[in-house]
Each structure stands twice: as C-alpha cells, then as structure tokens.
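What follows is a set of notes on a single structure, which appears directly below.
Each ligand, and each atom within it, is numbered from 1 in the order the structure gives. Scope of the values below: all heavy atoms of this structure, side chains included, with no hydrogens, waters or symmetry mates.
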Amino acid sequence: MAYHITDSCIACGACQAECPTSCIDEGAIYVIRGDECIDCGSCASVCPTDSCQPE
Ligand code: SF4
Ligand code: SF4
C-alpha cells in the first residue's frame, strides 16, 4: 500500500512538509515515491484539495 497524489493537486507543498519519510517530490503536481511511502496518511490530513489518496 502507498498513497498517491491525484491531478487535483495545486502544488502547495503542505504534504511534503509533513511526510516522515520525505518521499514526496515537488513538481507541477507533487509526486509520492510509492516504494518509500509507509502509508501513514499524514499527507492526506493536511492536503487542502484532498489529493493524497490511498491506492
Ligand atoms: S502516507 Fe505518509 S509516508 Fe506516505 S507519502 Fe503520505 S506522509 Fe509520506
Ligand atoms: S498538500 Fe495536496 S495540494 Fe498541496 S502539494 Fe500536497 S497533494 Fe498537492
């Protein structure tokens, strides 16, 4: 299991600041490196657009 970021991301950066494993990369939309995600849900809890979703 890993979270992923959908195309509703507005690139605010809130999720990246909260990720305990630093597995979220900046971009036009942000991207989670799924092999390093520990499925903690911290990104989803701060995302203003509900773009961090469990797979
Ligand atoms: S679920 Fe946790 S580990 Fe995975 S990307 Fe979100 S904050 Fe990082
Ligand atoms: S918190 Fe949500 S909107 Fe902001 S960069 Fe992360 S996924 Fe995108």
Roughly how far, to the nearest 0.5 Å, is [atom2] of [Y] from [atom1] of [X]?
| X | Y | atom1 | atom2 | answer |
| --- | --- | --- | --- | --- |
| Y30 | I10 | OH | CD1 | 10.5 Å |
| C37 | Y3 | SG | OH | 8.0 Å |
| C47 | Q53 | SG | CD | 8.5 Å |
| C52 | I32 | SG | CD1 | 5.0 Å |

With a 4.5 Å heavy-atom cut-off, do C19 and C43 have their side chains touching?
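Counting from C-beta outward, C19 and C43 never come under 4.5 Å.
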Can you tell me which residue pairs pass the salt bridge (charged side-chain N to carboxylate O under 4.0 Å, His left out) test with a partner in residues 9-29, sequence neighbours excluded?
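Passing the test, one end in residues 9-29: D25-R33.
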Numbered atoms and elements of ligand 2 in range of I10, under 4.0 angstrom, heavy atoms
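So the answer, numbered in order with elements, is 3 (S), 8 (Fe).
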Is the distance from atom 4 (Fe) of ligand 2 to the nearest N/O/S atom of C9 under 2.8 Å?
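No, since none of the N, O or S atoms of C9 sits under 2.8 Å from atom 4 (Fe) of ligand 2.
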Got the residues with a heavy atom under 4.0 Å of ligand 1, by chain and number?
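Ligand 1 is contacted, at a heavy-atom distance under 4.0 Å, by Y3, C19, P20, T21, C23, I24, I32, C37, I38, D39, C40, G41, S42, C43.
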Just checking D39: does its CG atom have more than 12 heavy atoms from other residues, nucleotides or ligands closer to it than 6.0 angstrom?
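Atom CG in D39 is packed in, count exceeds 12.
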